[in-house]
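So the structure is just underneath, and the comments pick up after that.
Reckoned from all heavy atoms, side chains included, excluding hydrogens, waters and symmetry mates. One is the number of the first residue; the rest follow in order along the sequence.
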Amino acid sequence: MFATGDRVVYPMHGGALIQDIQHREQNGAVVDYYVLKMIFENMTVAIPVANAEKLGLRPIGDEASLESIKSVLQEEQNVQAYKSISWNRRFQLYMDRIKTGSVLEVARIYKVLYLLEQGKKISVGERRLLHTTRQILQSEIMLIKDIDAEQAGSWLTSCCS
């Protein structure tokens, strides 16, 4: 169970701070909710405490996580294998892997999309997903290293180069 002030990661949105734990009445029963303030998006999200694990809410990583992210970003990726898959199947593959909540899966997808963009113009959907995965990674890096978005972005770019 998390507490107010904890730093967490919510899949598909990235890093967040738990602003509050609210008790709301729902069908005559009291349900507890984590109220998350997302790092990048000007958004607050309420997640039922009972469903937090199922939804993939997890604590942020640590220095060892950063090293793992860096290793993934420096791995060779078989971009040709991704190019051979149709766009809609490729997009579904990306989404399934992101929804796992694994920062390493997000890093792998970010690296593939980063390389695809370097090679040629990518579709609008892939460009949007590249932006999303970058923000998810940046937000977690910001929370782990206690740095701003620009510094986290520079760290990401340096790892991919």
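When atom types are taken as modelled, the side chain of R134 and the backbone of G153 share a donor-acceptor pair closer than 3.5 angstrom. Side-chain atoms of R97 never come within 3.5 Å of backbone atoms of I109 as a donor-acceptor pair (strictly under, hydrogens ignored). With E117 contributing its side chain and I122 its backbone, the two residues share no donor-acceptor pair below 3.5 Å. Under a 3.5 Å cut-off, the side chain of D96 and the backbone N or O of L93 do not form any donor-acceptor pair. Although no hydrogens or angles enter the test, the distance criterion places no donor-acceptor pair under 3.5 Å between the side chain of Q22 and the main chain of V35. A side-chain donor-acceptor contact under 3.5 Å links D148 to the backbone of E150.
With hydrogens and angles left out, the side-chain atoms of N88 and Q92 include no donor and acceptor closer than 3.5 Å. Side-chain atoms of R24 and Q26 form no donor-acceptor pair, as typed in the model, at a separation below 3.5 Å.
Minimum interatomic distance between I69 and L104 (heavy atoms only, all atoms of both residues): N-CD2, 3.8 Å. When all heavy atoms of V72 and Q77 are compared, the closest pair comes out as O-NE2, 4.0 Å. Of all the heavy atoms in E25 and G28, the pair that sits closest is OE2-CA, 3.8 Å.
Salt-bridge formation is not detected for the pair K70/E67: no Lys NZ or Arg NE/NH1/NH2 atom is positioned less than 4.0 Å from an Asp or Glu carboxylate oxygen.
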Show me the donor-acceptor pairs, under 3.5 Å and distance only, between side chains in residues 46-57 and residues at least two apart or in other chains.
none

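Within the structure, every pair that satisfies the ring-ring contact (aromatic ring centres under 6.0 Å, His included) test and touches residues 5-38, not counting sequence neighbours, is listed here: F2-Y34, Y10-H13.
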